[in-house]
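Atoms within a ligand are numbered from 1 in the order they appear, just like the ligands themselves.
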Amino acid sequence: MKKIVLILLNSAFCLSAYCQSNDTEKVYTINAATIKAQVRPTMYGIFFEDINMAGDGGVYAELVKNRSFEFKDPLMGWDEVKQDKADGSILILNRGEANPNNPRYIQISSKSAKGYGLINEGFRGMGIKKDNRYNFSVLAKMEEASAISLQIELVNGKGEIIGSTTVSPSSKQWKKYTASFIATETEPKASLRVLLKGIGSVDLDMISLFPQDTWKQRPGGLRADLVQKLADMKPGFLRFPGGCIVEGRELDTRYQWKRTIGDVANRRMIVNRWNTEFAHRQTPDYYQSFGLGFLEYFEMAEDIGASPLPIINCGMACQFNSCELVPLNQLGPYVQDALDLIEFANGPVNSTWGKKRAALGHPKPFNLTMMGVGNEQWGPQYIERYKIFEKAIHARYPQIKLVSSDGPFSGGDIFNYSDKIFRKLKAAIIDEHYYNSPEWFLKHVNRYDHYDRNGPKIFAGEYAAQSVGGGNPENKNNWKCAMAEAAFMTGLERNADVVSMTSYAPLFAHVEGWQWKPDLIWFDNLQSFGTPNYYVQQLYSLNKGTDVVPLTLNNEAVEGQDGCYASATLDNNKHELIIKFVNTSNVVQKADFSMSGITSVTKASLTLLQSDNLDSVNSLDQPFAVSPQISNIEFKDNHIKLNLKPYSFNIIRVNIEK
Ligand code: AHR
């Protein structure tokens with residue numbers, strides 16, 4: 001038996017939770033007097049992309065799908081309603097150049113006194129909460145000689161009314177009408193009926209329903225539970241809006257930030273590039289209304305205390321798709337967008353774009369310090385475009401740090417080509433991506449140990465362990481992957497002098513509307529839960545500390561000995577020493593943490609994230625199956641002795657006397 005255990009210990013992961021103990025106690029030495037590196041406030045952040053219905057149908061709290069009839073199929077999400085043989089007709093009209101950003105609207109004509117109209121299915125239904133208030137709004141224009149009011153009804157799965165109100169359009173010109181009501185029932189899959197009362201015609205556009213209870217109670221705002229999950233991470237930065245969404249599958253559908261600010265009725269809707277990207281997860285009803293636009297992104301970053309990191313299109317569409325390029329002599333408007341964005345974020349209120357920001361209700365600058373040029377680009381075409389952006393941005397804003405990309409892979413020719421050039425160009429921050437197996441994460445815990453300490457800073461901008469393979473629909477957010485990420489992150493932290501920013505990707509996924517797995521936070525129309533991977537990210541962020549100090553076993557970094565991985569930081573503000581220890585083996589590890597360079601210990605606690613089962617996942621039904629547990633622990637003469645559980649991520653916080 002002993003032989004079998006030893007063999008298992010040598011493999012990257014031991015498959016069964018055979019709860020034995022590694023009988024030899026190991027002494028881990030922490031020297032808190034030796035500062036190896038500083039941990040930047042930006043170290044652990046958030047990557048936000050509108051993929052998996054993260055934006056529309058997700059954090060953007062609008063409940064009506066295709067509210068302005070601008071989807072390719074203008075009636076997608078809508079159905080005609082004819083109650084009790086009521087009769088009428090529907091026309092889709094197009095104003096064309098008279099309203100280029102929102103050309104279409106619907107004309108509903110009723111021949112019956114009541115019962116004719118439309119119903120909207122929402123984004124896989126509408127999540128409605130009992131006793132909560134809902135705000136309805138619509139742009140309407142009455143046809144001559146019509147006297148019509150609109151009966152607005154929220155309907156549950158059984159067809160019963162669970163909330164209703166009336167609006168009475170009166171103007172012959174476009175005008176916004178609003179009404180609100182309280183829902184009488186909780187329903188995950190409600191729909192919204194808009195019925196005409198009276199005979200005649202009415203023109204409607206921007207038919208909208210929002211919960212009152214949005215994040216910070218902002219009208220037309222964001223889903224509070226989802227933003228709260230982000231706030232709970234206390235992230236150092238918020239990267240937005242992606243991701244490949246920045247690039248577009250072709251240049252026409254690239255992200256253009258200027259189209260995402262101002263009146264939502266004038267934000268030109270486009271198809272979401274993920275809607276039919278994968279044959280296995282077609283989502284043809286996935287569009288971008290841009291209700292979550294650049295002002296909202298900046299505000300969200302501000303609200304959750306994160307530095308904003310916008311990524312700007314650099315004149316290249318997605319290189320996995322059309323690979324369209326803007327000729328170099330036509331790059332001007334793209335570069336101008338980047339310059340104007342900096343002014344929009346930071347400019348004084350009397351500057352052109354600072355004035356627009358102020359007019360949108362945010363005179364205070366957003367303190368933008370960094371910007372990404374291109375998302376996940378590569379090759380000589382990227383380099384030549386990057387150089388043009390870099391020159392123009394730094395001529396005007398030398399203090400802005402630019403993020404450049406080493407492409408989609410963690411190594412190989414594409415990576416090496418960019419990496420060599422960006423180092424030569426003395427790039428400020430290089431973005432690296434790795435969507436690899438959990439075994440890869442363990443094996444590469446020392447990835448940054450040998451990076452040039454004086455070279456560009458590294459942004460581990462997109463990473464996630466893939467239980468099956470890159471973006472595979474069978475991937476799971478299981479404990480095996482989360483634990484591998486926790487182990488890998490000890491290597492990020494130990495190398496905080498080189499690695500200045502990190503973020504898991506993607507962030508959000510709707511349980512019925514996803515395209516890509518795994519993802520950090522999952523939700524349906526009413527609830528959300530953090531995956532084990534979420535708790536790993538959160539624990540690192542909440543326990544980041546300010547300075548890296550050495551933690552060694554026999555004078556060596558703990559990088560996989562006995563399946564263990566560790567790092568340590570000091571928190572100079574709170575006077576605490578923080579040890580992160582990941583035991584990926586299937587046996588208890590006996591540890592003696594011997595701390596020097598500190599005065600006496602006053603208190604110590606252990607935060608434990610653990611599961612005996614590597615396949616464990618969290619779910620809507622069991623959101624906390626793998627979640628942190630905190631307990632006080634004993635200490636003696638600057639020693640802490642612990643039996644570290646198999647398959648565990650341990651955070652030991654030690655209060656040190658000042
Ligand atoms: O996170 C999903 C996608 O992975 C991102 O959009 C892209 O940057 C990467 O390829």
Side-chain angles (χ1 to χ4, degrees), residues 45-56 58-59 230 237-250 253-255 270-278 280-281 283 286 288 292 297 309-314 316-323 371-379 382 386 403-412 414-415 418 429-437 440 458-473 475 477 481 485 501-510 513-522 531 533-534 537:
I46 288 175
F47 163 95
F48 192 114
E49 177 171 21
D50 190 358
I51 182 173
N52 303 316
M53 288 197 166
D56 288 270
V59 77
L230 305 186
F237 64 89
L238 176 71
R239 167 182 167 160
F240 56 89
C244 295
I245 207 94
V246 172
E247 306 161 14
R249 268 200 250 173
E250 56 293 303
T253 51
R254 72 187 187 279
Y255 200 99
I270 59 169
V271 72
N272 185 300
R273 57 138 298 135
W274 294 106
N275 76 342
T276 50
E277 177 78 11
F278 300 120
H280 57 266
R281 287 297 294 182
T283 323
Y286 194 9
Q288 298 180 84
L292 169 62
Y297 277 121
L309 169 55
I311 311 289
I312 196 109
N313 184 293
C314 66
M316 301 177 83
C318 181
Q319 290 168 272
F320 289 114
N321 299 119
S322 74
C323 207
M371 175 187 271
V373 176
N375 170 46
E376 197 181 54
Q377 323 300 156
W378 67 85
Y382 175 45
Y386 173 86
V403 175
S404 50
S405 165
D406 267 358
F409 310 115
S410 51
I414 287 180
F415 178 95
S418 305
I429 306 170
I430 301 180
D431 182 10
E432 298 185 359
H433 295 178
Y434 18 88
Y435 293 104
N436 294 336
S437 69
W440 182 93
I458 298 301
F459 171 25
E462 291 185 35
Y463 70 89
Q466 314 283 300
S467 64
V468 180
N472 190 297
N475 280 334
N477 280 100
C481 288
E485 288 150 11
M501 301 164 77
T502 65
S503 47
Y504 183 99
L507 178 67
F508 280 127
H510 190 296
W514 59 271
Q515 296 83 42
W516 176 296
K517 280 182 179 179
D519 305 288
L520 202 61
I521 298 166
W522 285 81
T531 56
N533 318 67
Y534 170 84
Q537 294 294 318

May I ask whether Tyr435 has any heavy atom positioned less than 4.0 angstrom from an atom of ligand 1?
yes
At what distance is the nearest protein heavy atom to atom 6 (O) of ligand 1, and which residue and atom is it?
Glu49 OE1, 2.6 Å
For ligand 1 and Cys244, I'd like to know whether there is a polar contact (N/O to N/O, distance under 3.5 Å).
yes
Less than 3.5 Å between some nitrogen or oxygen of Glu462 and one of ligand 1, yes or no?
yes
Candidate list Gln288, Glu49, Gln515, test side-chain hydrogen bond (donor to acceptor under 3.5 Å, both in side chains), partner Trp274, passing option
Glu49
Looking at Arg254, Arg239, His433, which one forms a side-chain hydrogen bond (donor to acceptor under 3.5 Å, both in side chains) with Asn375?
Arg239
Inter-residue atom distance Asn272.CG - Cys244.SG, 0.5 Å rounding
11.0 Å
Which of the atoms of ligand 1 are close to Gly243, meaning less than 4.0 Å from one of its heavy atoms?
5 (C), 6 (O), 8 (O)
Arg273 with Glu247: basic N within carboxylate O range, under 4.0 Å:
no
Would you say Glu376 has any N or O atom under 3.5 Å from an N or O of ligand 1, going by distance alone?
yes
So, do Pro408 and Phe320 sit near enough that their side-chain heavy atoms are less than 4.5 Å apart?
yes
Consider ligand 1: state whether an atom of it lies below 4.0 angstrom from any non-hydrogen atom of Tyr463.
no
Between Asn375 and ligand 1, which residue portion shows a heavy-atom distance shorter than 4.0 Å: side chain, backbone, both, or neither?
side chain
Ligand 1-proximal atoms of Trp516, by part, heavy-atom distance under 4.0 Å:
side chain
Answer yes or no on whether Arg281 is positioned over the face of Trp514, meaning its NZ or CZ is under 6.0 Å from the six-membered ring centre and within 45° of the axis.
yes
Dump the intermediate steps for side-chain hydrogen bond (donor to acceptor under 3.5 Å, both in side chains) on Tyr286 and Asp50, then the final yes or no.
CA-CA 10 Å; Tyr286 194 9; Asp50 190 358; 2.4 Å; yes
Mind checking whether Phe48 and Phe508 have ring centres under 6.0 Å apart?
yes
Using a strict 4.0 Å cut-off to heavy atoms of Pro506, name the atoms of ligand 1 that fall inside it.
1 (O), 2 (C)
Hey, is Tyr504 touching ligand 1 through its side chain, its backbone, both or neither, going by heavy atoms under 4.0 Å?
neither
